[in-house]
Every structure is written in C-alpha cells, then in structure tokens.
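A short write-up of the structure that comes next.
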Amino acid sequence: MSTTLFDLSGKVAVVTGGNGGIGLGIATGLARAGAAIVIAARNAEKSELAVRSLEKAGLRALALTVEVQDETSVRDMVGKALQAFGHIDILVNNAGISVVSMPQNYSLDEWQQVMNINLNGSFLCSREIYPHMKAGGGGKIINIGSMTSLFGHPVIASYAASKGAVVQLTKSLAIAWARENIQVNAILPGWIETDLTAMIKQMPDYQAAITARIPQERWGQPADLAGTAVFLASSASDYVTGIVLPVDGGYAAM
Ligand code: NDP
C-alpha cells in the first residue's frame, strides 16, 4: 500500500481544543503527516505554546481563539483560518468538557454548558466549515466521542448524553454531505491521560478498576489517537463515512 494514501501535504486542518491533551496529540499526528494546523481553543497562551512546540518540530501551525459554543466566535475563527491558509480540508471537533455530578444535582446551566460545548460546538464548527469544504471539492470531519457514546456513566450524565449525540450527529452529517465528498467519522477514545481525566489520579481505587477493565492493561496517551486521526483525515479513508471507531485498548470490546 502506498504511503501517499496517508499523506496530508498541502492540507489544512482545524483542531478545536488542539492546545493540549488529545487535541494536541491529534494535531501533532496530522502535522507530521504534512498538514498545516489551526489550533483553535479559548486559552490563547496555551494555544501559542502548542504552536511553538509544533513549530520547534518543524511543523506548520497557527493559534486562533475560539469559543466553540458561540456562533460568532466560530465564524470569526473560520474566517481567520481561511485568510491565513486559503482553504480548510480537515476539521477535528475535539473541544470538550465534563461536569461531574449525580444527575439529580445538575443545575440546568451545568447541563447546558456541557451540551453547548460538546454537541453544539461540533455542529457549529461543522456547519461553518461545510461550504468551504464543498467549494474545495470535499473534506474530512472527525468528531471526538467517548466510551460514554456507548456506555452510560452515573456521574457524567450530561457528558454521556452529549457524546451519544455526537455519534448521531456524525452519522447524520455523513449522510447529508456524502455527495459533496465530505467524509464524517467519529473517534471514541478510551481512557486517555489528559487534564480531563487528571482527577481520577486522586482516586487510586477507581483508576485501578478502570485499568483492570482495559484488555491492553494501560491507559492511552494523546499520541495513541494520532494514527487513527491521520487515517480518517487522509485519502486512505475516502470510502469510509459515518463510522464510529473506538481507540481504547480494547475497552469497548470487553
Ligand atoms: P483537555 O481538557 O485536555 O482538552 C479539552 C480541550 O478543549 C482543551 O484544549 C480546551 O482548551 C478545549 N475547550 C474546552 N472548552 C472549549 C470551548 N468552549 N471552546 C473551545 N475550546 C474548548 O481534555 P482531553 O484532551 O481529554 O479532551 C479532548 C476531547 O476528548 C474532549 O472532547 C473529551 O470529551 C474527549 N475524550 C477524552 C477522553 C479522555 O480519557 N481524556 C476520553 C474520551 C473522550 P481551552 O481551555 O483553551 O479552550
């Protein structure tokens, strides 16, 4: 199989939440495959650091500030990305948060915050970039789900609901935009060591119970997501759309 199938040279990828964790792991993978990267997140300082780390490795990246739940902010970010690079070929909807609480204790605000960022943010970024992908002859959208796209969880009901919905958004966009040569797929990361899961380190029994349920017997690192993202961003996956792909050390198979 030719390696050019996975070559992203000349492509431009917007990675929301790309300034750390899984987003940066994916951004690094896409950049190493040849893409220019737009790191799009709220914390400008953290995004600049991420860009510098990519540039240090000889990779091409630009930091743009975005609040993914805000239409105007998303429009502004996409406009600036187009101004800088002229086109957007790949979108990774990775920005996400969680609020930990028993469902009966969620305020409506807490519930909506998670839905607005994880679900609405993915919709808004996809909708904003769609016409530009269409005009460019196609594109790739990668949504980031979770194991809670498949399973429930007692203390992150809003997160699980949002990630379940991300899967149905993925399938719906895939069907809607298939004729425009835009492939839309989802990655479902397993348990990955990032800021989001750092609090579990304070709960050694829980952490050990999770690890014991992972067939590969280890948590994932952000870099573990890179290969699958490159596949879904490249022409190697041109006949793959609407799928949800766990990257989880076997967790979902168990
Ligand atoms: P991090 O907290 O490290 O990353 C979250 C990223 O999202 C940050 O870069 C943050 O940047 C950005 N972000 C959050 N809210 C917004 C917003 N409103 N607008 C723009 N950017 C935002 O966590 P992870 O790397 O773990 O999470 C990345 C994705 O992976 C999330 O969707 C998460 O749900 C998913 N995931 C994580 C798993 C894990 O085990 N870690 C497992 C399954 C899924 P900033 O604060 O600068 O805006």
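All values reported here derive from a predicted model rather than from experimental measurement.
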Over 12 foreign heavy atoms within 6.0 Å of CD, Gln216: no
Test item: side-chain donor near acceptor, Ser162 and Asn118, under 3.5 Å: yes
Nearest-0.5 Å distance that lies between atom NE2 in His153 and atom OG1 in Thr148: 8.5 Å
Check: Ser73 side chain, Asp70 main-chain N or O, donor-acceptor pair, under 3.5 Å: no
Heavy-atom side-chain proximity of Ser47 to Thr65 below 4.5 angstrom: no
Qualifying residue, where the test is side chain to side chain donor-acceptor pair (under 3.5 Å) with Lys140 and the options are Asp89, Asp238, Asn185: Asp238
Ile187 and its side-chain contact (heavy atoms from CB on, under 4.5 Å) partner, picked from Asn143, Val92, Leu225, Ile243: Leu225
Val230 versus Ala33, closest heavy-atom pair with distance: CG1-CB, 4.0 Å
Derivation and outcome, side chain to side chain contact (heavy atoms under 4.5 Å, CB included), residues Ser234 and Asp7: CA-CA 7 Å; Ser234 70; Asp7 184 13; over 6 Å; no
Between Tyr130 and Glu180, a side-chain donor and acceptor under 3.5 Å: yes
Heavy-atom pair of closest approach, residues Gly249 and Pro215: O-CD, 3.4 Å
ILVMFWY cluster, Met147 and Ile192 together (side-chain gap under 4.5 Å): no
Rounded distance [0.5 Å steps], CG in Leu30 versus CG in Leu8: 6.0 Å
Rounded distance [0.5 Å steps], CG in Asp109 versus CG in Asn116: 9.5 Å
Test item: Asn43 and Asn19 side chains (from C-beta on) under 4.5 Å apart, heavy atoms: yes
Flag, side chain of Lys171 to backbone of Val166, donor-acceptor distance under 3.5 Å: no
Residue pair Ala252 / Leu150: nearest heavy atoms and the distance that separates them: CB-CD1, 3.7 Å
Cation-pi geometry met for Arg213 and Phe151 (6.0 Å, 45°): yes
Tyr251 side chain to Ile210 backbone, donor-acceptor under 3.5 Å: no
Euclidean distance, Met133 CE relative to Gln183 CD, rounded to 0.5 Å: 10.0 Å
Main-chain N/O of Val184 paired with Thr241 side-chain donor or acceptor, under 3.5 Å: yes
Same apolar cluster: Ile144 and Val99, side chain cutoff 4.5 Å: no
Considering all heavy atoms, the nearest Thr194-Pro222 contact: CG2-CG, 4.2 Å
Side-chain heavy-atom pair Val114, Ile97 within 4.5 angstrom cut-off: yes
Val74-Val15 co-clustered via ILVMFWY side chain contacts under 4.5 Å: no
Single-linkage hydrophobic cluster Val78~Val68, side-chain heavy atoms < 4.5 angstrom: yes
Min side-chain heavy-atom separation Leu245-Thr228 under 4.5 Å: yes
Heavy-atom side-chain proximity of Thr28 to Leu54 below 4.5 angstrom: yes
No-hydrogen, no-angle side-chain donor-acceptor test under 3.5 Å, Glu110 and Gln112: no
Linked, directly or transitively: Leu62 and Leu59 (ILVMFWY side chains, under 4.5 Å): no
Residue pair Phe231 / Val240: nearest heavy atoms and the distance that separates them: CZ-CG2, 4.1 Å
Point-to-point distance, once rounded to the nearest 0.5 Å, from CD of Glu193 to CD of Gln221: 4.5 Å
Minimum side-chain heavy-atom gap Pro189-Val247 below 4.5 Å: no
Closest approach of Gly137 to Asn181 (non-hydrogen atoms, all atoms of both residues): O-ND2, 3.0 Å
Ile141 and Asn93, any side-chain heavy atoms less than 4.5 Å apart: yes
Exceeds 12 heavy-atom contacts within 6.0 angstrom, atom CE of Met199: no
Side chain to side chain contact (heavy atoms under 4.5 Å, CB included) evaluation trace for Val66 with Arg42: CA-CA 5 Å; Val66 73; Arg42 295 166 305 182; over 6 Å; no
Exercise: do Trp219 and Thr211 side chains pair donor with acceptor under 3.5 Å: yes
Interatomic distance, Ile142 atom CD1 to Ser126 atom OG [nearest 0.5 angstrom]: 11.5 Å
Backbone of Leu188 reached by a side-chain donor or acceptor of Ser146 within 3.5 Å: no
Pairwise side-chain contact, His132 with His87, heavy-atom cut-off 4.5 Å (strictly under): no
Side chain to side chain contact (heavy atoms under 4.5 Å, CB included) assessment of Arg75 paired with Arg127: CA-CA 10 Å; Arg75 191 162 301 141; Arg127 191 187 64 177; 4.2 Å; yes
Asn120 side chain vs Gln69 backbone, donor-acceptor pair below 3.5 Å: no
Within 6.0 angstrom of Lys46 NZ, more than 12 heavy atoms from elsewhere: yes
Trace of the side chain to side chain contact (heavy atoms under 4.5 Å, CB included) decision for Asp248 with Trp191: CA-CA 7 Å; Asp248 64 351; Trp191 294 89; over 6 Å; no
